[in-house]
There are 2 protein chains.
Amino acid sequence: MQGPRTVAEQVANVLREAIASGTIKAGTSLRQDELAEQFGFSRMPIRDALRQLEAEGIVSIHPTKGAQVARMDGAEIGEIYALRELLECEALRLSLPNLAAAKLDEAEQVLDQIDAERNVGRWGALNRAFHLALYDACGNHRLLGLIEAHHNAADRYVRILLSNLDYRSRSQTEHRDLLAACREREGDEATSILRQHLREGSETLVGAIREDGLSRKS
Amino acid sequence: MQGPRTVAEQVANVLREAIASGTIKAGTSLRQDELAEQFGFSRMPIRDALRQLEAEGIVSIHPTKGAQVARMDGAEIGEIYALRELLECEALRLSLPNLAAAKLDEAEQVLDQIDAERNVGRWGALNRAFHLALYDACGNHRLLGLIEAHHNAADRYVRILLSNLDYRSRSQTEHRDLLAACREREGDEATSILRQHLREGSETLVGAIREDGLSRKS
DNA sequence: ATGTGGATATATGTATGCCTGTATACTCCG
DNA sequence: CGGAGTATACAGGCATACATATATCCACAT
């Protein structure tokens, strides 16, 4: 696999990860000069990277106000999860009949990795990998792209859920139930579990955001 | 309403319209220098505009190979229409119970405009306006954004359908059936009509692309 | 004659500098 | 003392200039 060939892509990847991991908090202003100096490049690649992240919905660029990490309130999270439910259930429904058993084994290995992983920073990527493995055979590249985009957009908020260890174990239980249903090719059952899984995540997350006051008005 | 405040946005709008209208054909290389000279600006705003259009899926940028108008084959069109079906049916389902009667009147006026419009170039925008009016009250801004993005991505191909006047009149009939179902708040009926409408569009379009040889291999 | 290798040209990526617009703070006037 | 207007500073958009990678073409060798 060829790594990012352009500086802008590297910067975008680093920023995306930094934002997802919470190193850069929501609402932080991202000044081009500052980032350029930190990365050791000029402002141009940083500009491109910020544009890219804006297109992904991770940062918002106000003219003359610069870029800042997109701050999401409960409503925004609710919208994203509603879309994830719609998109991922459809992807699963399409994928399941054509999904190779090897992919299911791959997904199970990811679940084991999640259980073994102590660094919460990696959990988001593993969670995404598990879900995408199940949708792999859906046959619609754009659909997969949209799903991945929404994972990225919500990644840093998903980590809030992990502070609740109870939720994490419940999530893993649901993941394994989902995988079992997939193995038996029970499409309706699997879709139902996935929908429930996402709704629990949404409710837990919205509740956590509301009470933690993570959504201050701009 | 405030027009585009930055040159890059203006360029993006012009290019988007030129591509949608077929003035710039699929597969055309978009060289930054060339566009810069044509528009009378430097390459920087053009770069930003191309990045924007890439995010919208209208052009594809290969590093060092430049940007070229995204060429879509039948499979790609099929994916887009499958997504439109998923997204728009959901949006309609969510919107319909909360949709103001005034919006329905607005939608009907758009249909009248479509019948009266002789310039096929404007038909795409009117078609989009009609559909979006129906989804207006869905309560999910991101969902609306995705729908609009997919309209934009497929706009120039949708115009192929218009060369078939038979399809156009059939489309308008379906539009009015859909509107009637919406007025009576028949959610299931409306969704069903919309789904059928999109599937006919997809099939007609994919067939037209296949036979017209519009999808040459790169 | 054909294939391979190198050189050149072209277009994109990147760097630096300037200009413009906006936000903020200070001053002056009511 | 408060509000409004102006000036200044700061950040981003745009332009110009330079570097780099790739594709193509030509030449030479097999």
Side-chain angles (χ1 to χ4, degrees), chain A residues 1-19 24-71 216-218, chain B residues 1-19 24-71 216-218:
Chain A
M1 101 187 203
Q2 55 177 9
R5 290 308 316 147
T6 143
V7 173
E9 287 180 53
Q10 298 177 35
V11 172
N13 289 341
V14 172
L15 285 179
R16 192 188 353 261
E17 179 55 31
I19 292 173
I24 303 179
K25 301 180 197 68
T28 303
S29 293
L30 300 173
R31 286 191 296 275
Q32 296 179 356
D33 295 342
E34 193 175 316
L35 293 174
E37 192 169 6
Q38 289 180 9
F39 280 99
F41 295 105
S42 81
R43 285 168 44 204
M44 283 301 124
I46 275 76
R47 269 177 64 80
D48 286 344
L50 290 176
R51 294 269 182 195
Q52 177 66 26
L53 295 178
E54 184 196 25
E56 297 175 17
I58 297 176
V59 308
S60 59
I61 300 182
H62 281 70
T64 76
K65 290 176 61 179
Q68 58 182 35
V69 180
R71 190 196 302 278
R216 314 181 289 270
K217 70 176 189 295
S218 66
Chain B
M1 108 187 199
Q2 56 178 8
R5 293 306 319 148
T6 142
V7 172
E9 287 179 53
Q10 299 177 35
V11 172
N13 289 341
V14 172
L15 284 179
R16 193 189 348 263
E17 179 55 31
I19 292 172
I24 303 179
K25 301 181 198 68
T28 303
S29 292
L30 300 173
R31 286 191 296 275
Q32 296 178 357
D33 293 339
E34 192 175 316
L35 293 174
E37 192 170 5
Q38 288 180 10
F39 282 97
F41 294 103
S42 84
R43 283 169 45 207
M44 287 299 118
I46 275 77
R47 271 177 64 78
D48 285 344
L50 290 176
R51 293 266 182 196
Q52 177 67 24
L53 295 179
E54 184 197 25
E56 297 175 18
I58 297 176
V59 309
S60 60
I61 300 181
H62 282 69
T64 75
K65 291 176 61 178
Q68 59 182 37
V69 180
R71 192 195 302 278
R216 311 181 292 269
K217 71 177 189 298
S218 65

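Atoms considered below: every heavy atom in the structure, side chains included; atoms not considered: hydrogens, waters and symmetry mates. All chains are named by letter (A, B, ...) in the order of the sequence lines, taking the proteins before the strands, and each is independently numbered beginning at 1.
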(message) Within the 4.0 Å heavy-atom criterion, would you say B:I46 contacts the bases, only the backbone, or no part of the nucleic acid?
(response) nothing
(request) Check the distance between C:dT12's P and B:M44's CE and give it to me in whole angstrom. (result) 11 Å
(message) If we check side-chain contact (heavy atoms from CB on, under 4.5 Å) with A:V11, which of these qualifies: A:N13, A:V14, A:L15?
(response) A:L15
(message) Assuming nearest nucleotide by heavy-atom distance, tell me which of A:D33 and B:G40 is located more 5' along DNA chain D.
(response) A:D33
(request) Please determine, for the side chain of B:T6, which listed nucleotide (D:dC14, D:dG12, C:dT14) has the closest atom? (result) D:dC14
(request) Would you please confirm or rule out a distance under 4.0 Å between OP1 or OP2 of C:dG13 and any side-chain N or O of B:R47? (result) yes
(message) Less than 4.0 angstrom between a side-chain N/O of B:Q32 and OP1 or OP2 of C:dG13, yes or no?
(response) yes
(message) Rounded to whole Å, how long is the line connecting atom CD1 of B:I61 with atom P of C:dT12?
(response) 9 Å
(message) Given D:dA15, C:dT16, C:dT12, identify the nucleotide with an atom nearest to the side chain of B:R43.
(response) C:dT12
(request) Working to the nearest 0.5 Å, report the span between CG of A:L35 and OG of A:S42. (result) 12.0 Å
(message) Other residues, nucleotides and ligands only: do more than 12 of their heavy atoms fall within 6.0 Å of CD on A:E37?
(response) no
(request) Measure the OG1-CZ distance between B:T28 and B:R71 for me, rounded to the nearest 0.5 Å. (result) 8.0 Å
(request) Send over the distance from B:H62 NE2 to C:dG13 P, rounded to a whole Å. (result) 12 Å
(message) Does A:E34, at its CD atom, have more than 12 non-hydrogen atoms belonging to other residues, nucleotides or ligands within less than 6.0 Å?
(response) yes
(request) Measure the distance from CG on B:D48 to C1' on C:dG13 and round it to the nearest whole Å. (result) 13 Å
(request) Please report, rounded to the nearest Å, how far the P atom of D:dC14 is from the CZ atom of B:R5. (result) 11 Å
(request) Rounded to the nearest angstrom, tell me the gap between atom CZ in B:F39 and atom C1' in D:dC14. (result) 16 Å
(request) Provide, to the nearest angstrom, the distance between the CG atom belonging to B:L50 and the P atom belonging to C:dT12. (result) 9 Å
(request) Starting from P on C:dG13, measure out to CZ on B:R31 and report it in whole angstrom. (result) 15 Å
